Amino acid sequence: MTSSKKMTITTNVQPLATLHLYLAIWKIKVVLTSKGNMQTYQNAKGQGCFFKVELTDADGTQMQATMFNEVARKLFDKFEIGKVYYISKGNIRAANKQSTTIDNQYEMTITHYS
């Protein structure tokens, strides 16, 4: 990777505050500030697992993110509190105020890991 491509990767990010329901393509740079335990669930579709994290960007904006099943299993041991991550694939939705302590109208589901 050339230095110009590295520059693109690190500068082509946007603040968490700019994410919204209708934004399909985005990239954020965040610090993992909190990580929950892996949990399991059972519903009509079957059994699965998930965990939640809290992310903070350079502006101090926070957002909760959840990973499910295969993505959760791949990322759980890789995600470390205090480390910086670039995230670009996920779904933004209205925050469930009953399941978060973060003051943000949105939350995300991280849907891809490569």
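For this chain, numbers begin at 1 and follow the sequence in order. What you are looking at is a predicted structure, and each value in this text was computed from that prediction instead of being measured.
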Taking C-beta and beyond as the side chain, do Tyr106 and Gln64 meet within less than 4.5 Å on heavy atoms? no
Consider only side-chain heavy atoms of I, L, V, M, F, W and Y, link residues closer than 4.5 Å, and tell whether Val30 and Ile102 are in one cluster. no
Please report the closest heavy-atom contact between Lys35 and Phe79, naming both atoms and the distance. NZ-O, 3.0 Å
Can a donor-acceptor pair be found between the side chains of Thr109 and Thr66 at a distance below 3.5 Å? no
Side chain to side chain donor-acceptor pair (under 3.5 Å) against Gln105, all qualifying residues, sequence neighbours excluded: none
Counting only heavy atoms from other residues, nucleotides and ligands, does the tally under 6.0 Å from CD of Glu70 exceed 12? no
Non-hydrogen side-chain atoms of Asp57 and Met63 separated by less than 4.5 Å: no
Is there a side chain to side chain contact (heavy atoms under 4.5 Å, CB included) between Phe76 and Met67? Walk through the geometry before answering. CA-CA 9 Å; Phe76 188 77; Met67 277 114 326; over 6 Å; no
So if you build clusters from Ile, Leu, Val, Met, Phe, Trp, Tyr with side-chain heavy-atom gaps below 4.5 Å, do Phe50 and Ile81 land together? no
Verify, without hydrogens or angle tests, whether Asp59 (side chain) and Thr61 (backbone) share a donor-acceptor contact under 3.5 angstrom. no
How close do Ala72 and Cys49 get, counting heavy atoms only, and between which atoms? CB-O, 4.2 Å
pair Ile110-Phe68: side-chain heavy atoms closer than 4.5 Å: no
Side chains of Tyr41 and Asn69: is there a donor and an acceptor less than 3.5 Å apart? yes
Heavy atoms only: give me the nearest Tyr85-Glu80 pair and the separation to one decimal. OH-N, 2.8 Å
If you count every heavy atom of other residues, nucleotides or ligands that lies below 6.0 Å from Lys52 atom NZ, does the total exceed 12? yes
In short, Thr18 meets Gln14 closest at the heavy-atom pair OG1-NE2, 3.1 Å
Using a 4.5 Å cut-off on heavy atoms from C-beta on, say whether the side chain of Thr111 contacts that of Asn91. yes
Could you report the tightest heavy-atom contact between Arg93 and Met108, atom names first, then the distance? NH1-C, 4.2 Å
Can you check whether Val31 reaches Lys83 side chain to side chain, under 4.5 Å on heavy atoms? no
For Glu54, enumerate each residue passing the side chain to side chain donor-acceptor pair (under 3.5 Å) test, keeping only those at least two apart in sequence or located in another chain. none
Does any non-hydrogen side-chain atom of Ile28 lie less than 4.5 Å from one of Leu19? yes
With sequence neighbours left out, the residues meeting side chain to side chain donor-acceptor pair (under 3.5 Å) with Arg73 are none
Less than 4.5 Å apart, side chain to side chain, heavy atoms only: is that true for Trp26 and Ile92? yes
Answer whether the closest heavy-atom distance between the side chains of Thr33 and Gln62 falls below 4.5 Å. yes
Please answer whether the main-chain N or O of Val84 pairs with a side-chain N or O of Lys29 as donor and acceptor at a distance below 3.5 Å. no
Looking at Lys97 and Asp103, would you say the former's side chain and the latter's main chain have a donor-acceptor pair under 3.5 Å? no
